[in-house]
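Side chains included, hydrogens not; waters and symmetry mates left out as well; all remaining heavy atoms used.
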Amino acid sequence: RPDGAPAAVRIDGAWCSVGEVALTWRVETDWWRAPVRRDYVRCLLRQGACVDLYRDLETGTWHWERRYD
């Protein structure tokens, strides 16, 4: 997406479209040890699920955090 948020996520081998990004937040912590810098997004999927994903700001890779039922 133009705003940098994911347009789809893969769940159980199938791609699910992101209907809406409901919330975004940044976590920057532990700078004195191994720094953690992440941008989180809470996505409402068109299939009805709600998931949290984050992008590691050091590597640029996306990761799955949790799914809400």
Practice item. Mind telling me whether Y40 and Y54 have parallel, tilted or perpendicular rings, with 30° and 60° as the class edges? Key: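 Tilted: the ring planes of Y54 and Y40 meet at 30° to 60°.
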Practice item. Kindly write out the residues that satisfy salt bridge (charged side-chain N to carboxylate O under 4.0 Å, His left out) with R67, not counting sequence neighbours, or none if the list is empty. Key: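 Counting only residues at least two positions away or on another chain, R67 forms no salt bridge (charged side-chain N to carboxylate O under 4.0 Å, His left out).
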Side-chain donor-acceptor pairs of residues 9-18 under 3.5 Å, sequence neighbours excluded:
residue	atom	partner	partner atom	Å
R10	NH2	G13	O	3.4

Practice item. Considering only NZ, NE, NH1 and NH2 on the basic side and carboxylate oxygens on the acidic side, decide whether R38 and D56 come within less than 4.0 Å. Key: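 Looking at D56 together with R38, the answer is no, because their closest N to O distance does not fall below 4.0 Å.
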**Study point:** Sequence-distant partners of A22, side-chain contact (heavy atoms from CB on, under 4.5 Å), two or more places apart
**Key:**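 So A22 forms a side-chain contact (heavy atoms from CB on, under 4.5 Å) with L44.
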Check your understanding: Do V27 and L23 belong together in a cluster built from hydrophobic side chains that touch within less than 4.5 Å?
Key ->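 Yes; tracing contacts between hydrophobic side chains, which count when under 4.5 Å, links both residues.
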Review point. Do V41 and W25 belong together in a cluster built from hydrophobic side chains that touch within less than 4.5 Å?
Key: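 Different hydrophobic clusters.
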Exercise for review: Going by the side-chain contact (heavy atoms from CB on, under 4.5 Å) test, name the single residue among V21, D52, L53 that passes it with R42.
Suggested key: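 Among V21, D52, L53, the one meeting side-chain contact (heavy atoms from CB on, under 4.5 Å) with R42 is D52.
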Practice item. Could you walk me through whether D39 and L57 pass the side-chain contact (heavy atoms from CB on, under 4.5 Å) test, one step at a time? Key: CA-CA 7 Å; D39 279 341; L57 295 174; 3.5 Å; yes
